[in-house]
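Here's the structure we're looking at; comments come further down.
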Amino acid sequence: MAPSAFSLPTAHFGSTGHVSSRVIFGAAALGAMSQERADATIEQVVAAGVNHFDTAASYGESELRLAPWLASHRSEVFLATKTGDRSGSGARAELELSLERLGVDHVDLIQLHNLVEQDDWEQAHGPDGAVQALAKARDEGLVRFIGVTGHGTRIAGMHLKSLAEFDYASVLFPHNTTMLANEAYRADVEELLAVCADKQVAAQTIKAIARGRWPEDHDGKRFSWYEPLEDPDAIGRAVRAVLGDPQLFLNTTSDARKLGVVFDAATSGLPAPTDQELQEDIAAFGIAPLFDGRELERI
């Protein structure tokens with residue numbers, strides 16, 4: 001494909017002051033790669049114009065694979081990682097380990113990973129919880145901002161609860177046509193986005209190009225926990241459906257083979273797809289919800 005005349009769209013990442021590419025590199029893609037393959041992937045991402053990387057302590061070797069590039073390019077990217085620990089001591093330890101693995105003295109964003117269960121939420125926000133510890137780390141300069149992430153049909157509602165409790169800089173949640181077909185989830189997302197706009201909270205999305213859960217009889221390689229779309233045109237429409245809303249950021253899939261198609265779609269200059277086009281893709285490619293509030297609620 002010929003190079004696009006358009007560059008990646010950018011936007012202020014909430015109230016952080018950073019102008020981020022609206023396509024964020026989901027560095028989970030590096031988790032099981034060799035260093036050589038990771039280096040090539042990072043170069044592809046940077047060449048496309050991405051200036052915001054998102055990783056996590058739980059993403060295999062991702063943080064270690066980023067470290068060599070960060071050693072000489074740290075100032076060029078907004079760097080985000082995550083902790084899944086809800087206790088203050090555990091979250092602090094995980095942050096410190098991430099800093100060591102990444103080879104940096106601070107990250108721009110630390111996110112409470114998949115904060116969806118009520119007991120987890122109460123511990124994280126309680127005395128000696130993760131939020132208190134990460135706020136202290138922020139005061140010490142180890143992290144600049146704190147965010148919260150999650151999966152499933154309950155997460156938009158939980159993010160609303162979290163934003164009412166603490167001044168998070170960002171939220172992250174699933175966003176695609178089949179997810180938004182769930183009326184309750186869509187209502188929560190719409191309310192969440194209104195609150196984010198009012199409070200200048202960055203709204204990050206995941207699962208844009210998900211086709212569905214892997215079939216039980218699939219015995220091939222899996223580079224993502226869900227089965228992604230394969231058709232380039234369908235991927236393009238899914239990407240443009242997210243980026244068509246200027247409030248949203250799109251985090252790329254952990255299947256690095258899809259990066260080029262995502263970047264092409266984001267720089268195509270084409271408009272957002274119509275609802276009819278998206279419904280036709282659902283029918284043509286068998287796109288199914290990843291979460292249903294019941295058996296399929298957890299990853």
Contact check, side chains of R211 and P228, non-hydrogen atoms, under 4.5 Å
no

Closest non-hydrogen atom pair between A208 and V242, with its separation
CB-CG2, 3.9 Å

Taking the six-membered ring for Trp, are H125 and F166 closer than 6.0 Å centroid to centroid?
no

With sequence neighbours excluded, residues passing side-chain hydrogen bond (donor to acceptor under 3.5 Å, both in side chains) with T252:
none

Side chain to side chain contact (heavy atoms under 4.5 Å, CB included) for D128 and S87? Distances and angles first, verdict last.
CA-CA 7 Å; D128 301 319; S87 70; over 6 Å; no

Side-chain touch D281/E277, heavy atoms, less than 4.5 angstrom
no

So E230 and K258, salt bridge (charged side-chain N to carboxylate O under 4.0 Å, His left out) or not? Walk me through it.
CA-CA 8 Å; E230 295 291 341; K258 305 295 186 290; 3.4 Å; yes

Counting heavy atoms not belonging to H73, are there more than 12 under 6.0 Å from its NE2?
yes

First locate atom OG1 of T83, then atom CD of E96, and finally report the distance between them rounded to the nearest 0.5 Å.
11.5 Å

Verify the cluster assignment for F223 and L229: are they in a single hydrophobic cluster under the rule of side-chain heavy atoms below 4.5 Å apart?
no

Could you tell me whether R74 and D108 make a salt bridge, using a distance below 4.0 angstrom between a side-chain N and a carboxylate O?
yes

Does atom NZ of K199 have more than 12 heavy-atom neighbours, drawn from other residues, nucleotides or ligands, at distances under 6.0 Å?
yes

The reported gap from CD in E100 to CG in D105 (rounded to nearest 0.5 angstrom) is 13.5 Å

Heavy-atom side-chain contact between V116 and D120 under 4.5 Å:
no

Looking only at heavy atoms, what is the nearest atom pair of L8 and G49, with distance?
CD1-C, 3.6 Å

Report, as yes or no, whether the 6.0 Å neighbourhood of atom CD on E140 holds more than 12 heavy atoms from other residues, nucleotides or ligands.
yes

Side chains of I282 and T177: does their closest heavy-atom pair fall under 4.5 Å?
yes

Do the side chains of E117 and R86 get close enough for a salt bridge, i.e. N-O under 4.0 angstrom?
no

Just wondering, more than 12 heavy atoms not from Q118 lying within 6.0 Å of its CD?
yes

So does D167 have more than 12 non-hydrogen atoms from other groups sitting under 6.0 Å from CG?
no

Quick one, I155 and P174 - any side-chain contact, counting heavy atoms below 4.5 Å?
yes

So I206 and H151, side chain to side chain contact (heavy atoms under 4.5 Å, CB included) or not? Walk me through it.
CA-CA 9 Å; I206 52 176; H151 303 265; 3.7 Å; yes

Sub-4.5 Å side-chain heavy-atom contact between L99 and L142:
yes

Side chains of S162 and L115, heavy atoms from C-beta outward: is any pair under 4.5 Å?
yes

Apply the ring pair (Phe, Tyr, Trp, His ring centres under 6.0 Å) test between H18 and each candidate in F13, F145, F249, F78; give the one that qualifies.
F78

Does atom CZ of R257 have more than 12 heavy-atom neighbours from other groups under 6.0 Å away?
yes

Heavy-atom closest pair, residues S7 and T267:
C-CG2, 3.6 Å

For D139, I'd like to know if atom CG has over 12 heavy atoms of other residues, nucleotides or ligands within 6.0 Å.
yes

Check the side chains of N51 and S21 for a donor-acceptor pair under 3.5 angstrom, ignoring hydrogens and angles.
yes

Check whether Q204 reaches the backbone of N251 with its side chain - one donor and one acceptor, N or O, closer than 3.5 Å.
no

Got a second to check how far E227's CD is from I209's CD1, nearest 0.5 Å?
11.0 Å

Are I24 and V77 co-members of a hydrophobic cluster defined by side-chain heavy atoms under 4.5 Å apart?
no

Do you reckon L270 sits in the same ILVMFWY cluster as V262, going by side-chain contacts under 4.5 Å, direct or chained?
no

Counting C-beta onward and ignoring hydrogens, is there a side-chain heavy-atom pair between W121 and M158 closer than 4.5 Å?
yes

Using modelled atom types and a 3.5 Å cut-off, is there a donor and acceptor pairing between side-chain atoms of S224 and backbone atoms of D255?
no

Looking only at heavy atoms, what is the nearest atom pair of H218 and R222, with distance?
O-NH2, 3.1 Å

With the 4.5 Å side-chain cut-off for hydrophobic clustering, are L172 and W225 part of the same group?
no

For T81 and Y59, test the side chains for any donor-to-acceptor distance below 3.5 angstrom and give the result as yes or no.
no

Does one side chain, of H52 or S20, offer a donor that lies under 3.5 Å from an acceptor on the other?
yes

Note: L102 and L79 closest approach over all heavy atoms is CD1-CD2, 4.1 Å

Take Y185 and E190 through the side chain to side chain contact (heavy atoms under 4.5 Å, CB included) test and state the conclusion after the steps.
CA-CA 9 Å; Y185 184 71; E190 289 174 349; over 6 Å; no

Taking everything shown except D275 itself, do over 12 heavy atoms lie less than 6.0 Å from its CG?
no

C196 and Q247: which non-hydrogen atoms are nearest, and at how many Å?
CB-NE2, 3.7 Å

Can you tell me how far apart CG (L112) and OG1 (T149) are? Round to the nearest 0.5 Å.
8.0 Å

Please answer: with hydrophobic residues joined when any side-chain heavy atoms are less than 4.5 Å apart, are L66 and L259 in the same cluster?
yes

Verdict with supporting geometry, F25 and L30, side chain to side chain contact (heavy atoms under 4.5 Å, CB included)
CA-CA 10 Å; F25 175 41; L30 308 178; 3.8 Å; yes

When you measure from the side chain of Q123 to the backbone N and O of D119, does any donor-acceptor pair fall under 3.5 Å?
no

Inter-residue atom distance L290.CG - N176.CG, 0.5 Å rounding:
6.5 Å

Indicate whether any N or O donor in one side chain lies under 3.5 Å from an N or O acceptor in the other, for T55 and E63.
no

Please verify the inter-ring angle class for F173 with H159; under 30° counts as parallel, over 60° as perpendicular, anything in between as tilted.
perpendicular

Under the side-chain hydrogen bond (donor to acceptor under 3.5 Å, both in side chains) rule, collect the residues that match up with D54, sequence neighbours excluded.
K82, Q111

Atom pair CZ/CG of R101 and L64 - distance to nearest 0.5 Å
4.0 Å

